Every structure is written in C-alpha cells, then in structure tokens.
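Worksheet: the structure to be examined is printed underneath.
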Amino acid sequence: MRGAVRAPDGAIGAPPIDEIITSADRQHAVRLANARETNPADAPVNAPWLVDEGGSLVRSLRRADREE
C-alpha cells in the first residue's frame, strides 16, 4: 500500500505511506487497506493505492470506501 498527497492541480508527491500488506487475494488486500488505522502523519494523505509485488497498480483507494 502506498499513499501520497494529491495537490489541487492533480500532481502526486512522493508517497509517505509505503507499507506491505500480505493477503490471500486482491479483494482481501483492499479490505485490509481500507480498514487500516490512520495516524497523525497520514492526515494529509489523500491519494492511497495498492500495488502488487511487482509494483503494478492493483487499485486506487478512497478513504470513504470501507468495502470492496
């Protein structure tokens, strides 16, 4: 899981969130990512996404999403 700040112009900065989520499948990984607790350092992050083990995009996430 990665997460960064998307600026009003759409530019995405370097991801301050870069964590490994281990899961049996992609749907479970999405649920785990959406259930992740936020901390004060994550507050400005508004563009989270999941990548696979090769770094390819699996799914773009929104904090408002809580289920697949």
Side-chain angles (χ1 to χ4, degrees):
M1 177 177 164
R2 295 189 179 138
V5 176
R6 181 187 311 267
D9 68 359
I12 296 181
I17 297 174
D18 191 2
E19 299 175 4
I20 295 173
I21 294 177
T22 303
S23 152
D25 58 40
R26 290 179 177 201
Q27 288 90 0
H28 187 238
V30 169
R31 286 192 296 275
L32 290 173
N34 282 332
R36 178 186 176 275
E37 293 291 325
T38 58
N39 63 53
D42 295 346
V45 172
N46 60 3
W49 67 96
L50 286 175
V51 295
D52 64 15
E53 56 279 351
S56 297
L57 179 68
V58 169
R59 179 151 179 183
S60 181
L61 303 167
R62 294 181 304 157
R63 282 201 172 141
D65 292 339
R66 290 294 172 214
E67 267 311 304
E68 161 74 0

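All figures in this text were calculated on a predicted structure; none of them were measured in a lab. Just so you know, these numbers use all the heavy atoms, side chains as well, and skip hydrogens, waters and symmetry mates. Each residue takes its place number in the sequence, starting with 1.
Hydrophobic clustering (ILVMFWY, side-chain heavy atoms < 4.5 Å, transitive): V45 and I12 are in distinct clusters. Note on I21 and V51: separate hydrophobic clusters, where clusters join Ile, Leu, Val, Met, Phe, Trp and Tyr whose side-chain heavy atoms are under 4.5 Å apart, directly or indirectly.
In plain terms, the two heavy atoms of L57 and S60 that are nearest each other are CD1-N, 4.2 Å. Between L50 and A33, the shortest heavy-atom contact is CD2-CB, 3.9 Å.
For the pair D52 and R26, the minimum side-chain heavy-atom distance is below 4.5 Å.
With sequence neighbours excluded, the residues satisfying side chain to side chain contact (heavy atoms under 4.5 Å, CB included) with E19 are I17, R36.
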Report, one line per pair, each donor and acceptor closer than 3.5 Å where one atom sits in a side chain of residues 1-9; sequence neighbours left out.
residue : atom : partner : partner atom : Å
R2      : NE   : D18     : OD1          : 3.3
D9      : OD1  : A11     : N            : 2.9

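At least one donor-acceptor pair closer than 3.5 Å links the side chain of D25 to the backbone N or O of H28.
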